[in-house]
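In what follows, a single structure is set out as structure tokens and then discussed.
Start at 1 with the first residue, then count along the sequence.
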Amino acid sequence: MGRSTPQDRSTSEEPWPVRVVSQKVGAWIARLGWVWVDGQVAQISRRPGASTVFLTLRDPSADLSLTVTTNRDVLDSGAPELREGARVVLHAKPEFYAARGTLSLRADEIRQVGLGELLARLEKLKKLLAAEGLFDRSRKRRLPFLPGRVGLITGRASAAERDVLTNARRRWPAVEFRTVNVAVQGPGAVPDIVAALRVLDADPEVDVIVVARGGGGLEDLLPFSDEALCRAVFACRTPVVSAIGHETDAPLLDYVADVRASTPTDAAKRIVPDLTEEVRLIGQARGRLERAVRHLVDREQHRVDLLRSRPVLARPQVMVDQRAAEVTALHDRAGRCLEHRLAAADDDLRHTLARLRALSPAATLDRGYAIVQRGDGHVVRAASEVAKGDPLRVRLAEGELTATVDG
């Protein structure tokens, strides 16, 4: 697609000259009128003999600053002891310098924020963040037992950096650090710390982040109660440890962080285990394990000894002998039973044979009787069964005769 040129556009979209744009922006800013502005003094410029004082006012939570011009009398009456880094509230009118295209503020009243007002603002912010759930214990994450790499945000060559590194390496010599040095007080502290948090949170090798600073006054620790910093810590995916000041100091970062360390030294103790202590605990665990194994082996050995002491295992042939004796007794009993049954059967057979012989026709013939049969083999039992002249067969005990009926 080609880019359109001014000649391609309608008359209503003709480009404006720079002066026109500058004039319109200046006119729009002039309509804002007088406003109250809150910020932190980054620089004060007092020229000898000049009645105008120049201030650089910086937003505590963003990398943004504005130039403020005011009369020396206004500054001396409202904030005579004003120093760089102080928090102020001023009544000013925005002004746009068309020739340079710059925005500035012209102040007619300047008030330095006192300690009481700072504390009130912090308490109000604390209640707001608590109501939004930034302090909830349920969302706080546990620190890893042994982090692969620790991210450290602290001042350059500071005592806090030295305390964290020295004590952590004394406890666990192999611990690795990725240190990001930032400003820990002053106007640029919050943007630096937030940027360092984002860098370390995006590093997949960093398992925990420590934000450390030594002690200081309330105003020195104000960056660690900044709303933007608290929300940045809340949004981190990596667990964050707050190690700000001494044990009595409690910036809002302590409430948002996953773990609050009372001092930088305490933070070193929380992020890595103590090698000596872990070796001692491993030795104790190995001792308990060894005693448990020995107790188990001794118990099982005792059970085996009890089993081996039983007669069936101490003299296994006894069981075979007992079974052999039982088999022999059963064999003898079976033999006697068989003989008895055979003898009884023999007696029954002799008795039956005797009865058969007593009832046998041959026995009857032996007693002198004879059997008379007709020629067709029919036994004659009555005289009327034959007629005169019929042939007869007479069977005797020994042999047989033939006869004819005479009458």
Donor-acceptor pair, distance only, cut-off 3.5 Å: does the side chain of D207 make one with the backbone of G148? yes

Which salt bridge (charged side-chain N to carboxylate O under 4.0 Å, His left out) pairs, counting each pair once, include a residue from residues 374-385, with sequence neighbours left out? R374-D376

Kindly say whether D163 contributes a backbone atom to a donor-acceptor pair with the side chain of T166 at under 3.5 angstrom? no

Using a 6.0 Å cut-off, check whether atom CZ of R139 has over 12 heavy atoms from anything other than its own residue. yes

Which atom names give the shortest non-hydrogen contact between T238 and D258, and what distance separates them? O-OD2, 4.2 Å

4.5 Å side-chain heavy-atom contact, F96 and K24: no

For a side chain to side chain contact (heavy atoms under 4.5 Å, CB included) with W172, tell me which candidate from L275, N167, D274, V150 qualifies. L275

Please check if the side chain of R213 supplies one atom and the backbone of G155 the other of a donor-acceptor pair under 3.5 Å. no

Begin with the C-alpha distance, continue with both residues' side-chain angles, and end with the deciding distance and a verdict on side chain to side chain contact (heavy atoms under 4.5 Å, CB included) for Y255 and L134. CA-CA 8 Å; Y255 299 95; L134 270 68; over 6 Å; no

Go through the steps for L222 and D226 under the test side chain to side chain contact (heavy atoms under 4.5 Å, CB included), then give the verdict. CA-CA 7 Å; L222 275 180; D226 187 85; over 6 Å; no

Applying side chain to side chain donor-acceptor pair (under 3.5 Å) as the test, list every pair that has at least one member in residues 280-289; sequence neighbours left out. E277-R280

Under the side chain to side chain contact (heavy atoms under 4.5 Å, CB included) rule, what do L55 and T67 come out as? Steps first, then yes or no, please. CA-CA 6 Å; L55 306 176; T67 300; over 6 Å; no

So do T70 and L90 actually touch side chain to side chain, heavy atoms under 4.5 Å? no

So CD1 of I209 and OG of S242: to nearest 0.5 Å the spacing works out to 12.5 Å

Of all heavy-atom pairs linking A370 and V394, the shortest is CB-CG1, 3.8 Å

Can you confirm whether R231 is buried at CZ, in the sense that more than 12 heavy atoms of other residues, nucleotides or ligands lie under 6.0 Å from that atom? yes

Answer yes or no: does atom CZ of R156 have more than 12 heavy-atom neighbours from other residues, nucleotides or ligands under 6.0 Å? no

To the nearest 0.5 Å, what is the distance between CZ on R149 and CZ on R178? 7.5 Å

Do P94 and V35 have side-chain heavy atoms sitting under 4.5 Å apart? yes

Between H91 and W34, how do the two ring planes meet: parallel, tilted or perpendicular, split at 30° and 60°? parallel

Where V272 and A168 come nearest, the two heavy atoms and their spacing: CG2-O, 3.8 Å

Would you say P223 and V184 make side-chain contact, with heavy atoms under 4.5 Å? no

Using side-chain heavy atoms (C-beta onward) and a distance below 4.5 Å, is I271 in contact with F177? yes

Any donor and acceptor pair, going by atom type alone, linking the side chain of D201 with main-chain N or O of L197 inside 3.5 Å? no

Exercise: identify the closest heavy-atom pair between R141 and R237: NH1-O, 2.7 Å

Distance col, row K269:NZ vs R170:CZ, nearest 0.5 angstrom, shows 9.5 Å

Can any side-chain N or O of R72 pair as donor or acceptor with the backbone N or O of A50 at less than 3.5 Å? yes

Give a yes or no on whether a salt bridge exists between E326 and R323, defined as a side-chain N under 4.0 angstrom from a carboxylate O. yes

For residues S65 and T56, report the shortest heavy-atom separation together with the two atoms involved. CB-CG2, 4.0 Å

Crowded around K140 NZ? As in, over 12 foreign heavy atoms under 6.0 Å? yes

Does H351 use its side chain to pair, donor to acceptor, with the backbone of D347 at less than 3.5 Å? yes

Check V233, D254, I193, V190 against F224 for a side chain to side chain contact (heavy atoms under 4.5 Å, CB included) and give me the one that passes. I193

So which atom in A107 and which in V68 form the shortest heavy-atom distance, rounded to 0.1 Å? CB-CG1, 3.9 Å

Is the shortest side-chain heavy-atom distance between N181 and T154 below 4.5 Å? yes

Look only at the side chain of D266 and the backbone of A261, and say whether a donor-acceptor pair between them is shorter than 3.5 Å. no

Got a donor-acceptor contact below 3.5 angstrom from the E161 side chain to the A157 backbone? yes

Calculate, to the nearest 0.5 Å, the distance between atoms CG and CZ belonging to L338 and R333 respectively. 14.0 Å

Any side chain to side chain donor-acceptor pair (under 3.5 Å) involving residues 38-53? Give me the pairs, sequence neighbours left out, ordered by first then second residue. D38-R87, D38-R121

For a side chain to side chain contact (heavy atoms under 4.5 Å, CB included) check, start with the C-alpha distance between R169 and V175, then their side-chain angles and the critical distance, and finish with the verdict. CA-CA 6 Å; R169 287 169 177 161; V175 62; 3.8 Å; yes

